[in-house]
Amino acid sequence: MPFTAEDHAFMQRALRLAETATRRASPNPGVGCVLVRDGRCIGEGATRPAGEDHAEIQALKDCAARGESPQGATAYVTLEPCSHHGRTPPCAAALIKAGVARVVAAMVDPFPAVAGKGLAMLREAGIQAETGLLGEQAAQVHRGFLSRVTRQRPWVTLKAAATLDGKTALLNGKSQWITGPAARSDVQRLRAASDAILTGSGTVLADNPRLTVREFPLERQPLRVVLDSALRTGADCAVYQGGNSLLATCCQNAAARQPWQAAGCEVLELPRLDGHADLAILLQKLASRGINHLMVEAGAGLNGALVRAGLVDEIILYLAPALAGDAARGLFAWPALNDLAEKTLLTITDVRMVGVDVRMTLTLA
């Protein structure tokens, strides 16, 4: 049976709820759920932080708070209801107990403990369970969770800011400020939506950033990750202060790493690949910690290495209406090409003005 306009409208509402929950729910997916009876919303909810209520339970509680009954209702959820006991009981069982008549899930949950079992549980209980409504939109909302589960690495967003001629800093390293206040505020929003922020030793040495979210209230700050293969940075740098930081290094000398640990920074030892830190292993290690969304704020060296390794999912590039000249530093460092056929192709998916600057969102073609 085809989905109706009403089905689409309520699933779109569920997706908007999911977007609000994505960051706080990590490492779980930020799911949205809307309960509907007779064309009217009688309850809705979104996933709470790990260990607390999932979206379906929040929707059922909201339904009760409104004095409504879920008996015979349709539940629209952005991801298949879970069927296993994790930190919380299975949501599929809660929907069955509540007496809903129909469940519409935007997509099947690829997590092995679920993976169709939730839908099967509902159908076995006599509930009409359907999937596929606005599935592409749901996959975009849940892209971090899906990446971690299916690829064992986070969804990687590389943020960069440059002049119109593609320069990120002067040769002396000065880069503040290329873009205007509106763009810098937009970067704070991107940080707030990320589970972790990755930078390189060169950026730490040049700018001494804190990499914290300062303009948006958060229940928890993103994990700050510094890739410093040879321990070039100092343990007194701002990014290592206050805990919630991770130093990724190839240095095997435990004594040499001690100053960072004494400062409250966790140290992760990485293997080398072709003389450099193995970036794929770094992403795998971050995924194993429950990192769904990783934002990269780094210099040309790390930017180029990640793109060349095929480890970047999207690039958000802020272009300032200014020129810095050909002697300034560029966006991505890699060996010189011999032919234009070797160039890296990108697809532009969004372009908008942010204050006086242009913000482009691109994916690797």
Side-chain angles (χ1 to χ4, degrees), residues 12 15-16 18-19 22-23 29 78 106-107 110 132 134-168 178-179 182-183 186-187 189-191 193-200 279-280 282-283 286-287 291-322 329-365:
Q12 287 171 344
L15 287 167
R16 288 194 293 271
E19 289 175 342
T22 295
R23 172 65 171 84
T78 59
M107 61 183 302
L134 300 182
E136 289 186 7
Q137 292 89 327
Q140 177 67 14
V141 171
H142 298 308
R143 61 191 182 277
F145 170 76
L146 298 176
S147 177
R148 182 173 62 80
V149 170
T150 62
R151 302 189 297 178
Q152 290 74 55
R153 72 166 178 84
W155 178 270
V156 177
T157 298
L158 190 154
K159 164 259 161 183
T163 56
L164 203 57
D165 51 350
K167 304 303 180 181
T168 63
I178 287 177
T179 54
D186 197 56
V187 170
R189 182 188 61 78
L190 291 176
R191 287 184 181 180
S194 304
D195 299 316
I197 303 169
L198 171 66
T199 194
L279 297 175
L282 172 59
L283 296 190
L286 293 176
I291 301 298
N292 290 337
H293 289 263
L294 175 67
M295 180 177 173
V296 179
E297 292 192 57
L302 182 52
N303 286 349
L306 286 165
V307 170
R308 297 283 282 180
L311 297 174
V312 173
D313 294 301
E314 65 179 355
I315 298 170
I316 296 183
L317 174 61
Y318 298 88
L319 286 176
R329 298 181 180 181
L331 281 163
F332 302 96
W334 54 59
L337 305 182
N338 295 314
D339 193 289
L340 278 176
E342 301 172 2
K343 64 184 181 292
T344 299
L345 297 177
L346 304 172
T347 298
I348 300 173
T349 60
D350 182 72
V351 180
R352 65 185 67 182
M353 294 297 298
V354 180
V356 299
D357 304 306
V358 177
R359 192 187 89 167
M360 303 176 66
T361 303
L362 310 102
T363 58
L364 273 69

Can you name the nearest heavy-atom pair linking Ala160 to Leu331, along with the distance?
-> CB-CD2, 3.6 Å
Salt bridge (Lys or Arg N to Asp or Glu O under 4.0 Å) pairs touching residues 293-308, sequence neighbours excluded, are Lys159-Glu297, Arg191-Glu297
Min side-chain heavy-atom separation Asp357-Arg359 under 4.5 Å | no
Scanning both residues in full, the closest heavy-atom pair of Ala300 with Gly330 reads CB-O, 3.4 Å
Shortest non-hydrogen contact from Thr168 to Ala162?
-> CG2-CB, 4.3 Å
About how many Å separate CZ of Arg148 and CZ of Arg143, when rounded to the nearest 0.5 Å?
-> 15.0 Å
Output the distance between atom CG (Leu190) and atom CD1 (Ile316), rounded to the nearest 0.5 Å.
-> 4.5 Å
Can you see which heavy atom on Gly200 is nearest to which on Ala298, and at what distance?
-> N-CB, 4.1 Å
Check whether any side-chain heavy atom of Leu282 lies under 4.5 Å from a side-chain heavy atom of Leu311, and answer yes or no.
-> no
Do Ile315 and Phe332 come close enough that some side-chain heavy atom pair is under 4.5 Å?
-> yes
Positive for side chain to side chain contact (heavy atoms under 4.5 Å, CB included) with Leu294, one of Leu283, Asp195, Asp313, Leu158 | Leu283
For Ala18 and His142 the tightest heavy-atom approach is CB-CE1, 4.2 Å
For the residue pair Leu364 and Leu346, establish whether any side-chain heavy-atom pair is separated by less than 4.5 Å.
-> yes
Closest non-hydrogen atom pair between Arg153 and Val156, with its separation = NH1-CG2, 3.6 Å
Distance (rounded to the nearest 0.5 Å) between Met295 CE and Trp155 CH2 = 15.0 Å
Check against side chain to side chain contact (heavy atoms under 4.5 Å, CB included), Met353 and Val358 | CA-CA 5 Å; Met353 294 297 298; Val358 177; 3.6 Å; yes
Nearest-0.5 Å distance, CG of residue Asn292 to CG of residue Leu286 = 11.5 Å
Any Ile178 side-chain heavy atom under 4.5 Å of Thr163 side chain = yes
Please tell me if the side chains of Val354 and Thr179 come closer than 4.5 Å, counting only heavy atoms from C-beta onward.
-> no
Decide if atom CD of Glu342 counts as having more than 12 heavy atoms of other residues, nucleotides or ligands within a radius under 6.0 Å.
-> yes
First locate atom CD1 of Ile348, then atom OG1 of Thr361, and finally report the distance between them rounded to the nearest 0.5 Å.
-> 10.0 Å
Answer with yes or no whether the side chains of Thr157 and Glu314 bring together a donor and an acceptor at under 3.5 Å.
-> yes
Could you tell me whether Asp186 and Arg352 make a salt bridge, using a distance below 4.0 angstrom between a side-chain N and a carboxylate O?
-> no
Spacing of CD belonging to Gln137 relative to CD belonging to Gln12, to within rounding of 0.5 Å | 7.5 Å
After noting the C-alpha distance and the side-chain angles of Leu279 and Leu302, does the key distance pass the side chain to side chain contact (heavy atoms under 4.5 Å, CB included) rule?
-> CA-CA 9 Å; Leu279 297 175; Leu302 182 52; 3.9 Å; yes
